[in-house]
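This report refers to the structure that appears directly beneath it.
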Amino acid sequence: MAVGEDAPRLGDRGARRARRWLEATTRVAQSWTNEDVVAAGKLTFDWPYNSRYTFSFDLGGILKGDPFHNHHFVAESKKYASASDQGTHYDDWVAKCYVARQSTPVITDQMMWITWSPFRMTTWPNLLSEAAVEQGLLVPENCKRVFDTDDPEHARTLIDRGLLKDVANRLWMIVLSDKQESLVIRTEHRAWIAEREMRESD
Amino acid sequence: MEPSLAATLADLSGSNPEANVAAIKTAVANYLSEADPGSRIRTTEYFNHTFSPDLILSWGDDSAGTRRVFIRTDARESSLREDLDWVPADAPLFLPLRDVIHSAASSSREDGGSELATESRARGAMIASPSSLEELHASDPSARVTKLFSRAVVRGGRGVLDSARAREASETVRRGYEGAQEADASTTQAAVESIENLVQLTEATSVTRFLQAVWIGGGGSEIDFPGATGVFGALNADSLQLLLDLGDVGDDRFWSRVARNLTLERLVSLTVAPESERFQRLVEDSLSRLRGRAFAVLDETNEFLSDGEFRWYAREGFLGLQSRSFRAAFTPGNVTTLDAAGQRRDGDGLSVRTLLDRLEDSGLDFSELTFNATTGTSLTLQLAEPGNAANDALLADLTDPLENNSNAVSVVVSLRDGREIMCDLRHGRARGRTGAKYYVGEMLAAALPVLQQLTAAERETLGQLLDDGDATENRDENF
């Protein structure tokens, strides 16, 4: 039995809380997090031009019920008390979404940013746009690891416009709050649904 | 052979979660099935879900029991502790896919326990690490007690179960089983404590009752059986059923001791097929002790039996005896309970000659005969003293004229001690004259040859049964 390795970090608890909230919607059938000891689903990806480093999403899984039935999702959770440096992380994240969608489209049907605090208030309405994804891709570090160039203008020419549009269409912005986490379907009702589903599947 | 859980986990695909999930759930289902082969396992569409189980175990009929199984990819103690609060199911079974990763806080506790262990135990939940359930039945997978224990843990286990704890408990129970066969108190007690510590009472009792049955069969007294909760007194029907279901337990002396504790009431609450050799011996050993109020002979044949072959069985409140040409059902209740035993005979009775021949052939004394004449008149002949039909000229003179115009419809057979058994010849039933209880052996001896035309082979088998069981000897000291 391993001892002393269970040291939860705030972000990790955020991932578990985000996962639980998603499950409470009754629209998630299967899910996993980046902290699991057994990785049922892939959450780690390679940067195209920096093989020494990989990146991961916090959680992933499979949705149920139309219009997302059997759609695979990946999600990033930000259990933040304020906007903090989320904008910077968001730029990286959209670049990661672009790379993951390009390399592994099967498990990136939906890509969710789940935060407890809004950020970039002035550009908030545009965060899910192609322009926002493009902005993230053109951050110098991302230019290098996604397109192997230091020149943003050169990188811009290398962007797959179809993919860019596709990625933007698959982005979600979910804002949670502590109290909201408890404003979900009641446990007993969830049990009723589960029983009904079991009976119907017999 | 299906890949093991460990092999499955070592062979997960990098990019196909659906295949991974399906493989993990199949491996977990197999893993559970090995630990509890008797339960049904239903797979849900969910995986690693906070609220909905991955698998649902059920056993017996639908109302008997279910347990929801939650697979966990996150084996950290703190995460599992959270899960305990969120899972809506009663007494869930968590299966983390790796050994529990303990937090620094719990590993430094002086009592060596953890909040996870305390809380899961309090809630009847079990957190079983991947190889723990294998350990329950790994040491001696064919041993009945091991299987019973493993089943009880899967269905009602509680607390945190790792491999070491499972191995230790399994070994303690195995030693207790061996000890109980010799009525050894300390090993039996240790086993009972181990079972009750690890398993909720509802499921623990199935194992402790079994140990009690083995203890009694091993010569231990009912009173001295070491303190299992709710397990006391004589062998009950559940223990007996267990012993019979696990038919390779004990030797002949063991079973003789079990037979000494039997009652017909307990026996008829069992379900035992006529194929059980152990049951044949058990009933035959008990014929002089089992007491009932009535039995019926039914016209139900079984062509798979040879002439003279009798098979005992128990079902639906009756002790049954099947032969090639008839079936008999014994009840500890009153004669009307026999209505549920099968299609009642509904004839005109026997010709007077046939009845007298049967009585004479069996050497039975009788005290009363009743005839129904074709005219509708009923006539009862009472003997001043019980007598037999052989060489009784007066009886012949009295009954000869009845031969062609009447049927014998009942006869009262006298036992040596003066008690009487009434045989209803039209309906194929026998019961005590007073509603008292009679030994199954003496009912068989006194009434079966009257109610049923036995073949020579059947007659011989009956004779052996009654001789072996000393069936007509009273054993009132046992009651």
Side-chain angles (χ1 to χ4, degrees), chain A residues 1-8 12-13 15-17 19-26 28-45 59-62 64 69-70 72 74 103-107 184-195 197-199 201-202, chain B residues 8-10 12-25 42-54 56 66 68 71-83 86-90 96-108 129-130 160 162-164:
Chain A
M1 174 182 309
V3 170
E5 297 167 27
D6 180 9
D12 164 42
R13 290 293 117 174
R16 282 181 61 83
R17 286 168 68 165
R19 186 173 84 99
R20 195 154 54 228
W21 182 84
L22 286 169
E23 287 171 330
T25 66
T26 74
V28 173
Q30 310 184 349
S31 64
W32 34 85
T33 78
N34 193 33
E35 295 291 321
D36 292 347
V37 286
V38 170
K42 177 181 169 74
L43 290 172
T44 301
F45 301 82
L59 63 145
I62 300 175
K64 59 178 289 201
H69 194 58
N70 280 339
H72 289 241
V74 291
S103 70
T104 323
V106 173
I107 58 170
V184 291
I185 181 172
R186 282 152 57 195
T187 301
E188 70 219 66
H189 291 163
R190 205 153 38 217
W192 291 354
I193 292 171
E195 288 301 321
E197 283 181 334
M198 279 310 298
R199 277 207 305 276
S201 70
D202 278 350
Chain B
T8 300
L9 294 178
L12 294 178
S13 140
S15 57
N16 190 345
E18 282 153 321
N20 288 344
V21 166
I24 290 171
K25 291 182 77 164
R42 283 182 292 174
T43 302
T44 72
E45 65 180 304
Y46 296 100
F47 176 73
N48 194 40
H49 199 279
T50 303
F51 311 110
S52 298
D54 291 86
I56 298 177
T66 59
R68 277 138 178 79
I71 295 173
R72 286 294 176 253
T73 51
D74 183 348
R76 288 172 299 174
E77 183 178 2
S78 55
S79 301
L80 291 163
R81 177 64 193 83
E82 267 184 20
D83 285 334
W86 285 101
V87 160
D90 286 336
L97 294 175
R98 292 266 194 273
D99 284 343
V100 176
I101 300 165
H102 284 255
S103 64
S106 85
S107 51
S108 64
S129 65
V160 177
D162 59 23
S163 301

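Protein chains get the first letters and strands the later ones, always in sequence-line order, with residue 1 at the start of each.
- No salt bridge links B:Arg76 with A:Asp36; every basic N to acidic carboxylate O contact stays at or beyond 4.0 Å.
- Among A:Ala24, A:Ala29, A:Gly41, the residue making the largest number of heavy-atom pairs under 4.5 Å with chain B is A:Ala29.
- When heavy atoms are compared at a cutoff of 4.5 Å, A:Arg20 approaches chain B by way of both its backbone and its side chain.
- Not a single ring-ring contact (aromatic ring centres under 6.0 Å, His included) links A:His69 to another residue, sequence neighbours left out.
- Of the atoms belonging to A:Ala39, it is backbone heavy atoms, and not side-chain ones, that fall under 4.5 Å from chain B.
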Could you go step by step and tell me if B:Thr73 and A:Glu35 meet the side chain to side chain contact (heavy atoms under 4.5 Å, CB included) rule? CA-CA 9 Å; B:Thr73 51; A:Glu35 295 291 321; over 6 Å; no

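- Here OG1 of A:Thr187 is found 7.0 Å from CZ of B:Phe51. Values are rounded to the nearest 0.5 Å.
- Under the 4.5 Å side-chain criterion, counting only non-hydrogen atoms from C-beta, A:Arg19 is in contact with B:Asn48.
- Both the backbone and the side chain of B:Leu97 come within contact range of chain A, each with at least one heavy atom under 4.5 Å from a heavy atom of that chain.
- Side-chain contact between A:Ser31 and B:His49 is absent, with no heavy-atom pair separated by less than 4.5 Å.
- Side-chain N or O atoms of A:Glu23 include one that pairs as donor or acceptor with a backbone N or O of B:Thr50 at under 3.5 Å.
- A:Ala40 approaches B:Asn20 most closely through the heavy-atom pair O-ND2, 2.6 Å.
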Where do B:Asp74 and A:Arg16 land on the side chain to side chain contact (heavy atoms under 4.5 Å, CB included) test, with the steps shown first? CA-CA 10 Å; B:Asp74 183 348; A:Arg16 282 181 61 83; 3.1 Å; yes

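- Between the CZ atom of A:Arg190 and the CH2 atom of B:Trp86 there is a distance of 7.5 Å, given to the nearest 0.5 Å.
- Considering only heavy atoms from C-beta on, B:Val21 comes within 4.5 Å of A:Trp32 through its side chain.
- Using a 4.5 Å heavy-atom threshold, the side chains of A:Val38 and B:Leu12 count as touching.
- Ranked by heavy-atom pairs under 4.5 Å with chain A, the first of B:Arg72, B:Glu82, B:Glu18 is B:Glu82.
- With hydrogens and angles ignored, the 3.5 Å screen pairs a side-chain donor or acceptor of A:Gln30 with a backbone N or O of B:Glu45.
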